[in-house]
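Each ligand, and each atom within it, is numbered from 1 in the order the structure gives.
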Amino acid sequence: MEIRKVGVIGCGLMGGGIAQTCAQSGYTTVVREVNQELLDKGLARIEAAWQKMESKGKLTTQQAAETREHLRGTINLEDLADCDVIIEAVIENMEEKLRLYPALDRLLKPEALLLSNTSSLSVTQMGAVTKRPGKVAGLHFFNPAPVMQLVEIVRTISTSDETIETVQQFARSLGKTPVLAKDTAGFIVNFLLIPYLISAVRMLENGVASRDDIDTAMKLGCGYPMGPFTLLDYVGLDTTLWAAEAIYDEYKDPLYAPPPLLRRMVQSGYYGKKSGKGFYDYQ
Ligand code: CAA
C-alpha cells in the first residue's frame, strides 16, 4: 500500500514532532488539535524548529518553503478523511482513545492504517473498538521526535503481516530505525527506562544524593546525554507517571510503582519543561 497523505492527531510535544518529521520527509501532512489555541501553539513550535534548522543550514530556504507546503493544521477531524495513515498522539488516556478510534474508523477509507504513538497503553484495546483491527498497530516515537532515530512498531495479536511490513517501510522513509515489539505495557524502551527514572526519584526522596549530583553522576558516569531529572522534565512528569501506572497495572511489579514524590509533583502541575517547572525551574 502506498502512503501519500498522513494525518497526525494531537499537536503537542509528540504529535507536533511527528507531524514535523512527516512533513520534512515529503508527506502531505495534516495535523489536528482540539482547538485553535492549542493548534497555533503546536504549529508555532514546529515553525520555530524549522527556522532554527534554516539558520543552521540544515534546510535551504527552498527546502524550508517546500516543507512548510507539506504541513497543514486543522481542528476538524473530517479533514483527515482521505489520509492513508493516521498517527494518533493524543493524551495517554484510554477513555479518550476509545472514543476517538471508532470515530476514526467510521471516517477513514477501509484500507487506511491507524497507528498509535502510545508509550504504554494497550494498542490491542484500541484496535478492538474498530472494524479494522488488522490495520491497527503502534508506532512509538521518542522525544524529540524529529531527532531521535528510533521508533518502536507495536504488533497486537490482530495486526496483519501486511500492516507491519507497510509500517516498517513507512518508518524507514521517515529516516527512522524501527524495532518490533509485542503489545505489552512499556514495549521495549519504557519497560527499561521507567524503572531507571522512577528509581532516581526514589533516591531523591530517600535523600541518597541531590538532584544535581544524581544528574551529573549518570551523565558523566554512564555517558548519558541527560541525567534522569533533566530527562524526566524533558519527557514530562505526567507522561512518566502514566507510563509507570500502565506498566504497574499490567504486571503489579513494585519496580514500576510510581513514587509518591512523582505523583505529588504531577498533582501540583509540575509537568516539567512544558509547564515551566518540574525538577528544574524553566521560568
Ligand atoms: N527539530 C529539529 N531539530 C531539533 C529539534 C527539533 N524539534 N530539537 C532538537 N533538534 C536538534 C538541534 O537543533 C541540534 O542540532 P545540531 O546538532 O545540528 O546543532 C540537535 O538536535 C541537538 O540538540 P541541542 O544541540 O539543542 O542539544 P543536545 O546536543 O543536548 O541534544 C537531545 C538534545 C537530542 C535531546 C539530547 O540531549 C538527547 O538525546 N537527550 C535524551 C533524549 C531521550 O532520551 N529521549 C527519549 C525519551 S523517552 C521517550 O520519549 C519515550 C516515552 O514514551 C517516554
Side-chain angles (χ1 to χ4, degrees), residues 8 10-25 29 31 41-59 63-64 67-68 71 87-93 115-121 123 138-154 174-177 179 181 184-198 200-201 215-216 218-220 222-247 256 258 262 266 271-274 278 280 282:
V8 180
C11 197
L13 214 53
M14 291 309 294
I18 295 167
Q20 179 188 335
T21 307
C22 294
Q24 277 171 216
S25 304
T29 307
V31 60
K41 207 171 148 192
L43 291 175
R45 212 183 295 123
I46 297 173
E47 179 52 33
W50 282 338
Q51 283 182 14
K52 199 168 160 197
M53 287 173 77
E54 237 184 304
S55 71
K56 283 183 172 177
K58 283 181 167 178
L59 279 180
Q63 281 167 335
T67 304
R68 284 183 184 101
L71 182 67
I87 306 172
E88 168 273 309
V90 304
I91 186 169
E92 288 285 65
N93 175 308
L115 309 177
S116 178
N117 178 57
T118 186
S119 56
S120 35
L121 296 177
V123 182
L139 183 62
H140 183 216
F141 291 77
F142 295 84
N143 186 22
V147 176
M148 302 305 281
Q149 289 297 300
L150 187 75
V151 287
E152 289 176 320
I153 297 178
V154 181
L174 297 176
K176 304 296 182 196
T177 300
V179 290
T184 54
F187 317 130
I188 302 172
V189 172
N190 279 340
F191 194 74
L192 296 171
L193 180 65
I194 295 294
Y196 160 68
L197 293 177
I198 63 181
V201 179
D215 264 3
T216 302
M218 295 314 289
K219 264 183 83 171
L220 302 186
C222 291
Y224 289 4
M226 293 172 163
F229 294 109
T230 310
L231 186 56
L232 274 155
D233 279 359
Y234 196 73
V235 167
L237 273 58
D238 50 346
T239 306
T240 308
L241 177 63
W242 293 326
E245 281 174 340
I247 308 175
Y256 296 91
L262 180 65
V266 172
Y271 300 148
K273 214 170 164 190
K274 63 185 167 190
Y280 293 88
Y282 301 89

Measure the OG1-NZ distance between T230 and K273 for me, rounded to the nearest 0.5 Å. 10.0 Å
Using protein heavy atoms only, decide if any is under 4.0 Å from atom 29 (O) of ligand 1. no
The option among W242, F142, W50, F141 carrying the non-hydrogen atom nearest to atom 49 (C) of ligand 1 is F142
Could you tell me whether the side chain of E92 and the main chain of L121 form a donor-acceptor pair under 3.5 Å? no
Can an N or O of T239 be found at a distance shorter than 3.5 Å from an N or O of ligand 1? no
Among all protein heavy atoms, pick out the one at the shortest distance from atom 39 (O) of ligand 1; state its residue, atom name and that distance to 0.1 Å. P225 CG, 3.7 Å
Any donor-acceptor pair under 3.5 Å linking the side chain of N117 with the backbone of G15? no
Enumerated ligand 1 atoms positioned under 4.0 Å from heavy atoms of M226: 35 (C), 37 (O), 40 (N), 41 (C)
Looking only at heavy atoms, is any part of T240 under 4.0 Å from ligand 1, and if so is it the side chain, the backbone, or both, or is it neither? neither
Can you list the atoms of ligand 1 that are under 4.0 Å from a heavy atom of V235? 47 (C), 48 (S), 54 (C)
Which residue and heavy atom of the protein sit nearest atom 20 (C) of ligand 1, plus the separation: K58 NZ, 4.5 Å
Verify, without hydrogens or angle tests, whether K176 (side chain) and M148 (backbone) share a donor-acceptor contact under 3.5 angstrom. yes
For F191, is there any backbone N or O sitting under 3.5 Å from a side-chain donor or acceptor partner on Y256? yes
So how far is it from I247 CD1 to N190 CG, rounded to the nearest 0.5 Å? 5.5 Å
Starting from atom 12 (C) of ligand 1, find the nearest protein heavy-atom neighbour and note its residue, name and distance. K56 NZ, 3.7 Å
Can a donor-acceptor pair be found, under 3.5 Å and without considering hydrogens, that links the side chain of K58 to the backbone of K52? no
With side chains defined as the heavy atoms from C-beta onward, is the minimum distance between D215 and P228 less than 4.5 Å? yes
For V147, which part has a heavy atom under 4.0 Å from ligand 1: side chain, backbone, both, or neither? side chain
Ignoring hydrogens and angles, tell me if any N or O in the side chain of E152 forms a donor-acceptor pair with the backbone of V189 under 3.5 Å. yes
Quick one: which ligand 1 atoms are inside 4.0 Å of a heavy atom on M148? 39 (O), 42 (C), 43 (C), 45 (N)
In this structure, CD1 of I18 is separated from NE2 of H140 (nearest 0.5 Å) by 8.5 Å
Kindly indicate, with the supporting measurements, whether the criterion side-chain contact (heavy atoms from CB on, under 4.5 Å) is fulfilled by K274 and Y282. CA-CA 9 Å; K274 63 185 167 190; Y282 301 89; over 6 Å; no
Do L231 and L193 come within less than 4.5 Å of each other through their side chains, counting heavy atoms only? yes
Is atom 25 (O) of ligand 1 near the protein, in the sense that some protein heavy atom lies at less than 4.0 Å from it? no
Less than 4.0 Å from atom 15 (O) of ligand 1, is there any heavy atom belonging to the protein? yes
Atoms of ligand 1 close to L193 [distance to a heavy atom under 4.0 angstrom, numbered from 1]: 48 (S)
At under 4.0 Å between heavy atoms, which part of V189 makes contact with ligand 1: side chain, backbone, both or neither? neither
Proximity to ligand 1 by part of Y234, non-hydrogen separation under 4.0 Å: side chain
the protein heavy atom lying closest to atom 44 (O) of ligand 1 turns out to be L231 CD1, 3.6 Å
Is there side-chain contact between L174 and F141, with heavy atoms separated by less than 4.5 Å? yes
Per-atom filter on ligand 1: closer than 4.0 angstrom to a heavy atom of S119 are 53 (O)
Enumerated ligand 1 atoms positioned under 4.0 Å from heavy atoms of M53: 2 (C)
For atom 1 (N) of ligand 1, is the nearest protein heavy atom closer than 4.0 Å? yes
Are there protein heavy-atom neighbours of atom 22 (C) of ligand 1 below 4.0 Å? no
Can you tell me if Q20 has a non-hydrogen atom under 4.0 Å from ligand 1? yes
Do Q63 and M53 touch side chain to side chain, with heavy atoms closer than 4.5 Å? no
Determine, using heavy atoms of G17 and all atoms of ligand 1, whether some pair is separated by less than 4.0 Å. no
Atom 46 (C) of ligand 1 has as its nearest protein heavy atom N143 O, 3.6 Å
Do V266 and P258 have side chains that approach each other closer than 4.5 Å (heavy atoms only, starting at C-beta)? no
Determine whether any protein heavy atom is located less than 4.0 Å from atom 51 (C) of ligand 1. yes
